[in-house]
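Right, one structure below, let's go through it.
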Amino acid sequence: MIEMWSIEKIEDFRRTLLAWYDEEGRASLPWRKNQDPYRVWVSEIMLQQTQVNTVIPYFKRFMTLFPTITALADAEEQTLLKAWEGLGYYSRVRNMQKAAQQVVEDYQGVWPTTFEGLKKLTGIGPYTAAAIASIAFKEPVAAIDGNAYRVLGRLFKIEDDIRQTKTWQKYFAIGNQLIDPKRPGDFNQAIMDLGSSYMTAKNYDTAHNPIKEFIASYEDGTEDLYPVKSPLAKPKQVSYVGIAVVGPDGYLWEQRPATGLLANFWLMPLYAITDFESDPDAEWTRAEIIQATETRLLADYGVTVSLKALGGRPVTHVYSHLKWTVTILTGEITETMPLKRGVWRQRDVLNDDPQPKVQEKIWQRLNSLQG
DNA sequence: CACACGTGGTT
DNA sequence: TAACCAAGTGT
């Protein structure tokens, strides 16, 4: 059981933390220019599982493309995905548009102003709801993100595993005790700034930490133990063939299904190697794979083409839960064929379509190995 | 509740 | 290099 501080100690902590934040907080971050809920919301969604330096250029571009919640609600999905291309976790932006439409249509364009109200919007969970409620609407509610887990975990030597959903309750309760009711938004942001400077996961610098005197795990040199976080499973290995077929009208090109990984993004046709045979342990020779791919290309796309393997190692790409290995097969046709599936797309207009990183790697491999 | 869901940076 | 980390949410 965690022993909570006295009210005097809590107030001392708030003063110390906010004094540091006023001096050394990252006030220049573009989303801190004002406390407009739309602005705060866009930044908080982008920052989910994503580092500040990555987000900055995306945030600026996004606010130019979609300056208001109405502009976001009315945007074409492909435009949205293109604006998000490279940031990852693409359901974030789809959910954001749903929430924008909810606010515009169900709330007459007026934001819910409370933690509980904000949580009802698609894509806004307890963290984001607390961030917006505290920053834009001054509600004293703790925003528990990875930074808060590190800071609070080390401050109080919390033994619960932060991977477990129920642990959030404990952190939330402690955060709500600590948060400064006069400056809730600044308090939450100060915790985040602290968590990404003096209290990082590795190479933290407690010697210069402005709140070091409050850190229980610093007293006995056990900071390394907190927060308690069980290891994640290794990504599962999956092998594909990727098919680069060029004809007079460009490359064979296809949009992914509307749900699941990389939903609605554009990619060359891919076949999982195990799709050829139900036996996942089957060892396929290169000739067999090529022939099977040609057969399936005809059946699925209506394309008759002779394929050959591109030299070099396969393209690999690691996701949170998967590791893709893509062997590239190439083929050329001299006359355009009508397609059962997919489209022909010229190389110079391909980049108008949102594409995932793995497709970029495939382009790079094609460019380097065949000019 | 466990797992799906991206990408870039660090060690 | 493999492993881990970075302002989480939906199902």
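Letters A, B, ... mirror the listed sequences (proteins, then strands); counts begin at 1. What you see is a predicted model; the values in this text were computed from it and never measured.
Residue A/His321 has no polar side-chain atom (N or O) positioned under 4.0 Å from OP1 or OP2 of B/dC3. Regarding contacts with the backbone of C/dT9, every side-chain N or O of A/Ser91 stays at 4.0 angstrom or more from both OP1 and OP2. Phosphate proximity of B/dG6 to A/His317: absent, as no side-chain N or O sits under 4.0 Å from OP1 or OP2.
If you measure from atom CH2 of A/Trp266 to atom P of B/dG6, you get 18 Å, rounded to the nearest angstrom. The CD-C1' distance, from A/Gln49 to C/dC4, rounds to 12 Å in whole Å. The distance between atom NZ of A/Lys202 and atom P of B/dG9, rounded to the nearest whole Å, is 16 Å. Taking atom NZ of A/Lys234 as the reference point, atom P of C/dC4 lies 10 Å away to the nearest angstrom. Atom-to-atom, CD1 of A/Ile132 to P of C/dT9 comes out at 10 Å; the value is rounded to the nearest Å. As rounded to whole Å, 9 Å separates atom P of C/dG8 from atom CZ of A/Arg92. Straight-line distance from the CH2 atom of A/Trp324 to the P atom of B/dA4: 14 Å, rounded to whole Å. Distance A/Leu81 CG to B/dT7 P: 12 Å, rounded to the nearest Å.
Of the residues near DNA chain C, A/Leu121 and A/Asp193, the one whose nearest nucleotide (by heavy atom distance) lies more toward the 5' end is A/Asp193. The nearest heavy atom of DNA chain B to A/Arg163 and to A/Gln355 marks one nucleotide each, and the one closer to the 5' end goes with A/Arg163.
A donor-acceptor contact closer than 3.5 angstrom is absent between the side chains of A/Tyr251 and A/Arg345. Under the 3.5 Å distance criterion, with hydrogens and angles disregarded, a donor-acceptor pair is assigned to the side chains of A/Tyr271 and A/Asp300. Using a 3.5 Å distance cut-off with no hydrogens or angles, the side chains of A/Trp266 and A/Gln78 do pair a donor with an acceptor. Defined by atom type and a distance below 3.5 Å, a donor-acceptor pair is missing between the side-chain atoms of A/Thr206 and A/Arg154.
Residue contacts shown for A/Arg26 include a base, since a base heavy atom lies under 4.0 Å away. Here A/Trp31 lies in heavy-atom contact (under 4.0 Å) with a base. Here A/Leu232 lies out of heavy-atom contact (under 4.0 Å) with every strand. Within 4.0 Å (heavy atoms only), A/Arg256 reaches no atom of the nucleic acid at all. Residue contacts for A/Ile45: at a heavy-atom cut-off of 4.0 Å it reaches no nucleic acid atom on any strand shown. Counting any heavy atom pair closer than 4.0 Å across all strands shown, A/Ile144 reaches no nucleic acid atom. Backbone-only engagement by A/Asn203 is indicated by non-hydrogen atom pairs under 4.0 Å involving sugar-phosphate atoms exclusively. In this structure, A/Val52 reaches the bases: a heavy-atom distance under 4.0 Å links it to at least one base atom across the strands shown. Within the 4.0 angstrom heavy-atom criterion, base atoms lie near A/Gly88. Within the nucleic acid shown, A/Asn95 comes within 4.0 Å of sugar-phosphate atoms alone, with no base atom in reach, counting heavy atoms only. A/Ser43 comes within 4.0 angstrom of no nucleic acid atom, judged by non-hydrogen atoms across all strands.
In the set B/dC5, B/dC1, C/dG8, the nucleotide with an atom closest to the side chain of A/Leu261 is B/dC5. Side-chain proximity of A/Thr165 to C/dT9, B/dA2, B/dT7: nearest is B/dA2. The side chain of A/Lys229 approaches C/dC5 more closely than any other nucleotide in the set B/dC5, C/dG8, C/dC5. In the set C/dT9, C/dC5, B/dT7, the nucleotide with an atom closest to the side chain of A/Pro356 is B/dT7.
C/dA6 and B/dC5 have their P atoms separated by 23 Å, with the value rounded to a whole Å. Only the P atoms considered, B/dG6 is 14 Å distant from C/dT11, to the nearest whole Å.
Within 3.5 Å, a donor on the side chain of A/Tyr89 pairs with an acceptor on the base of B/dG6, or the reverse. Residue side chain A/Thr50 reaches the base of B/dG6 through a donor-acceptor N/O pair under 3.5 Å, judged by distance alone. One donor-acceptor pair, N or O on each side, does fall under 3.5 Å between the base of B/dG6 and the side chain of A/Ser320.
Electrostatic pairing of A/Asp36 and A/Arg39 does not count as a salt bridge here, judged by no charged N lying under 4.0 Å from a carboxylate O.
Geometrically, A/Arg94 does not engage A/Trp84 in a cation-pi contact, judged by NZ or CZ lying under 6.0 Å from the ring centre and within 45° of the ring axis.
Between A/Phe172 and A/Phe115, the distance from one ring center to the other falls under 6.0 angstrom.
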